[in-house]
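Presented below is the structure to which this report refers.
Side chains included, hydrogens not; waters and symmetry mates left out as well; all remaining heavy atoms used.
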Amino acid sequence: MGSPRALRETPALTTLGGRHHAIRTEHWRYIRYSDGTEELYDHREDPMEWNNLAAAPDHRPGRVRFSETLDRMLARAVP
């Protein structure tokens, strides 16, 4: 079993009920719900996830990148 503190090349993927998905990196959590709603949190600045950055224009590139990463991860996970 690996160390929880080990560096990872890919984010951790979490799925709830097969409909809602989240990916987590060392500093970020991106969540996408089945209705398309998104959440994005910077854990360096907001470890309690109080400030959803998904709609912030300056965080759009990161949100898009996380969305694309999630799509690729789900495509590999689902046969």
Side-chain angles (χ1 to χ4, degrees):
M1 182 155 86
S3 167
R5 297 210 181 269
L7 294 177
R8 289 167 175 49
E9 292 183 23
T10 59
L13 172 64
T14 305
T15 299
L16 178 62
R19 303 173 348 142
H20 312 295
H21 308 284
I23 55 176
R24 177 76 162 88
T25 68
E26 183 178 356
H27 298 293
W28 295 92
R29 181 185 313 276
Y30 169 77
I31 304 164
R32 185 169 60 210
Y33 297 96
S34 61
D35 67 358
T37 303
E38 297 172 297
E39 297 180 22
L40 178 64
Y41 300 100
D42 179 349
H43 278 234
R44 290 169 293 197
E45 302 294 325
D46 181 20
M48 300 301 291
E49 298 185 354
W50 293 110
N51 187 23
N52 181 3
L53 301 171
D58 54 330
H59 288 285
R60 184 180 187 285
R63 182 188 51 78
V64 169
R65 186 177 65 250
F66 282 122
S67 179
E68 291 170 349
T69 299
L70 177 60
D71 287 340
R72 283 192 303 274
M73 292 177 77
L74 291 174
R76 286 193 302 252
V78 179

- Residues at least two apart in sequence or cross-chain that pass side chain to side chain donor-acceptor pair (under 3.5 Å) with T37, listed by chain then number, are D35
- Message: Test of understanding: with side chain to side chain donor-acceptor pair (under 3.5 Å), list the residues that count as partners of D42, not counting sequence neighbours.
- Response: R44
- Can you name the residues that form a salt bridge (Lys or Arg N to Asp or Glu O under 4.0 Å) with R19, not counting sequence neighbours? none
- Shared ILVMFWY cluster between L74 and Y30, side chains joined below 4.5 angstrom? yes
- Note on the structure: Contacts of T25 meeting side chain to side chain donor-acceptor pair (under 3.5 Å) (sequence neighbours excluded), chain-then-number -> none
- For the residue pair L40 and N52, what are the closest heavy atoms and their distance? N-OD1, 3.0 Å
- Query: Among all residues two or more places apart in sequence or in another chain, which pass the side chain to side chain contact (heavy atoms under 4.5 Å, CB included) test with E68?
  - Reply: V64, R72
- Message: I'd like to check the salt bridge (Lys or Arg N to Asp or Glu O under 4.0 Å) partners of R29; sequence neighbours left out, ordered by chain and number.
- Response: E49
- Item | Contacts of D71 that satisfy salt bridge (Lys or Arg N to Asp or Glu O under 4.0 Å) - sequence neighbours left out | R32
- Message: Under the rule for ring-ring contact (aromatic ring centres under 6.0 Å, His included), what residues qualify as partners of H59, not counting sequence neighbours?
- Response: W28
- Item | Y41: hydrophobic cluster co-members (side-chain, 4.5 Å) | I31, Y33
- Message: Could you measure the distance from the CZ atom of R24 to the CG atom of L13? Nearest 0.5 Å is fine.
- Response: 14.0 Å
- Item | Of all pairs that satisfy salt bridge (Lys or Arg N to Asp or Glu O under 4.0 Å), the ones with a partner from residues 54-64, not counting sequence neighbours | E38-R63
